[in-house]
Amino acid sequence: MTTPQHVAIIMDGNGRWAKARGLPRVAGHRAGVEALRKTVRAASDLGVGWLTVYAFSSENWSRPKSEVSDLMGLLRLFIRRDLAELHRSGVKVSVIGEREGLSPDIASLLDEAETLTAGNSALNLIIAFNYGGRDEIVRAAGRIAEAAVRGEIVPAALTPEIFAGYLDTAGIPDPDLVIRTSGEQRMSNFLPWQSAYSELVFLPCYWPEFTGEHFADALAQYAARERRFGGIVPQGVAQGVAS
Ligand code: FPP
């Protein structure tokens with residue numbers, strides 16, 4: 001079976017999961033953190049080397065203040081409680097998204113997670129926090145413009161590969177598979193550049209319900225897909241092994 005090297009997940013449905021149980025939304029987010037913990041373990045067990053999760057989008061600031069503060073609190077808790085174990089398990093944590101404008105304690109926790117685990121290689125966990133794909137592309141374009149003004153880049157020589165090197169995801173392989181839970185079928189500004197050729201799997205379960213079995217099911221759907229990257233599948237190549 002073809003296992004994707006990099007899986008990216010839109011962890012959606014925490015609020016609806018809580019509502020269906022008559023619980024406050026924060027209970028859904030708390031259960032979402034539990035599902036995230038299990039998913040990180042499952043990724044290693046399933047042989048996935050890179051896992052990116054959409055934890056807080058640039059657009060999530062428009063939620064009620066109390067919910068934003070709950071989500072920030074959960075990130076603090078996740079890093080304080082889980083960082084040592086992630087490090088012991090050989091997980092390398094990276095964070096993508098706009099760091100400016102985050103409260104100093106959150107920014108330094110993110111730095112600490114990256115610095116502590118920088119030498120690990122068992123699993124790459126990428127947390128998209130204060131992340132928006134368009135914002136990432138605009139920031140990259142700004143850095144390229146600055147480099148051009150300094151004379152370090154000739155605009156005519158710009159290629160997609162060079163451009164990608166200015167994104168937050170520089171050095172990270174593109175996701176082979178993007179999973180979204182909760183039944184919604186859209187990308188919501190998640191990795192728009194990087195997911196150009198990703199396979200997409202939409203699962204009906206809410207994020208807090210996501211288990212290793214759902215993960216394995218998404219990987220099985222991926223394995224049955226034919227990836228062509230704009231080309232054609234060579235004659236005689238079986239489905240799912242063309243990539
Ligand atoms: C979507 O559910 C989920 C989020 C906006 C945030 C994802 C966050 C977690 C899984 C927990 C936090 C983890 C960290 C590390 C901070 P939703 O609220 O949009 O659900 P709904 O669409 O049903 O309302």
Side-chain angles (χ1 to χ4, degrees), residues 7-43 51-87 89 91-99 101-103 105-114 116-117 123-133 135 168 178-191 202-212 214-215 218:
V7 177
I9 307 185
I10 303 177
M11 308 182 287
D12 193 16
N14 295 345
R16 278 163 285 166
W17 179 90
K19 190 173 177 204
R21 284 159 183 76
L23 298 170
R25 290 179 62 83
V26 65
H29 295 314
R30 273 192 214 115
V33 174
E34 285 310 314
L36 173 59
R37 284 199 179 101
K38 288 186 205 140
T39 301
V40 172
R41 269 179 244 133
L51 177 70
T52 299
V53 292
Y54 205 3
F56 190 87
S57 80
S58 323
E59 289 71 35
N60 286 155
W61 294 106
S62 65
R63 295 191 176 204
K65 255 190 174 167
S66 59
E67 184 167 345
V68 169
S69 145
D70 287 339
L71 284 165
M72 295 293 160
L74 283 171
L75 178 77
R76 277 188 199 99
L77 204 67
F78 176 69
I79 294 188
R80 291 203 184 113
R81 253 178 61 181
D82 291 75
L83 184 58
E85 196 199 321
L86 290 169
H87 183 42
S89 316
V91 176
K92 176 177 176 174
V93 179
S94 318
V95 182
I96 58 171
E98 174 62 282
R99 217 62 79 87
L102 290 178
S103 73
D105 74 311
I106 295 269
S108 66
L109 273 176
L110 297 178
D111 286 345
E112 184 191 334
E114 289 185 319
L116 178 70
T117 62
L123 171 73
N124 292 279
L125 173 64
I126 298 127
I127 302 175
F129 197 82
N130 196 20
Y131 175 86
D135 173 68
D168 295 352
V178 179
I179 301 171
R180 182 174 189 146
T181 57
S182 92
E184 306 290 347
Q185 303 197 357
R186 59 178 172 272
M187 292 298 287
S188 300
N189 206 12
F190 185 47
L191 303 174
F202 300 103
L203 299 175
C205 65
Y206 294 138
W207 174 249
E209 298 163 336
F210 186 84
T211 62
H214 292 101
F215 205 162

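This one's a predicted model, so the numbers in the text were calculated from it and none came from an experiment. Numbering of ligands and ligand atoms starts at 1, following listing order.
Listed for the Ser57 side chain is a donor-acceptor partner under 3.5 Å among the backbone atoms of Glu59. Side-chain atoms of Asn124 never come within 3.5 Å of backbone atoms of Lys92 as a donor-acceptor pair (strictly under, hydrogens ignored). At distances below 3.5 Å, at least one donor-acceptor pair connects side-chain atoms of Thr181 with backbone N or O atoms of Asp12. For the pair Arg25 (side chain) and Ala18 (backbone), a donor-acceptor distance under 3.5 Å is absent. Within the 3.5 Å criterion, the main-chain N or O of Val33 finds no donor-acceptor partner in the side chain of Arg37. Between the side chain of Glu98 and the main chain of Ser58, no donor-acceptor pair closer than 3.5 Å is present. Between the side chain of Tyr206 and the backbone N or O of Gly28, no donor-acceptor pair lies under 3.5 Å. Using a distance-only test at 3.5 Å, with no hydrogens or angles considered, no donor-acceptor pair links the side chain of Ser69 to the main chain of Lys65.
The heavy atom nearest to atom 3 (C) of ligand 1, considering only Met11, Arg37, His29, Lys19, is found in Met11. Remark: among candidates Leu77, Leu75, Thr181, the nearest residue to atom 16 (C) of ligand 1 is Leu75, based on non-hydrogen atoms. Here atom 10 (C) of ligand 1 lies nearest to Asn14 when heavy atoms of Leu71, Ile9, Asn14 are compared.
Under a 4.0 angstrom heavy-atom cut-off, Trp207 registers as being in contact with ligand 1. The closest approach between a heavy atom of Arg63 and any atom of ligand 1 is below 4.0 Å.
Inclusion of Arg16 in the set of residues having an N or O under 3.5 Å from an N or O of ligand 1 is warranted. Considering both main-chain and side-chain atoms, Tyr54 never comes within under 3.5 Å of ligand 1 through any nitrogen or oxygen pair. An N or O contact shorter than 3.5 Å is missing between Leu36 and ligand 1 by distance. Remark: ligand 1 and Asp12 share an N or O pair separated by less than 3.5 Å (distance only, no angle test).
Regarding atom 20 (O) of ligand 1, its nearest protein heavy-atom neighbour is Gly15 N, 3.0 Å. Of all protein heavy atoms, the one closest to atom 13 (C) of ligand 1 is Val33 CG2, 3.8 Å.
Arg16 and Glu209 are not joined by a salt bridge, as no carboxylate oxygen comes within less than 4.0 angstrom of a charged side-chain nitrogen.
Looking at Trp17 against ligand 1, nothing comes within 4.0 Å, counting heavy atoms. At a 4.0 Å heavy-atom cut-off, ligand 1 touches Asn60 through the side chain alone. Contact annotation for Arg25 and ligand 1: only side-chain heavy atoms (C-beta onward) come within less than 4.0 Å of the ligand.
The distance from ligand 1 to the heavy atoms of Ala55 drops below 4.0 Å at these ligand atoms: 6 (C), 7 (C), 8 (C).
The salt bridge (charged side-chain N to carboxylate O under 4.0 Å, His left out) test with Arg76 is passed by exactly one of Asp82, Asp70, Asp105: Asp105.
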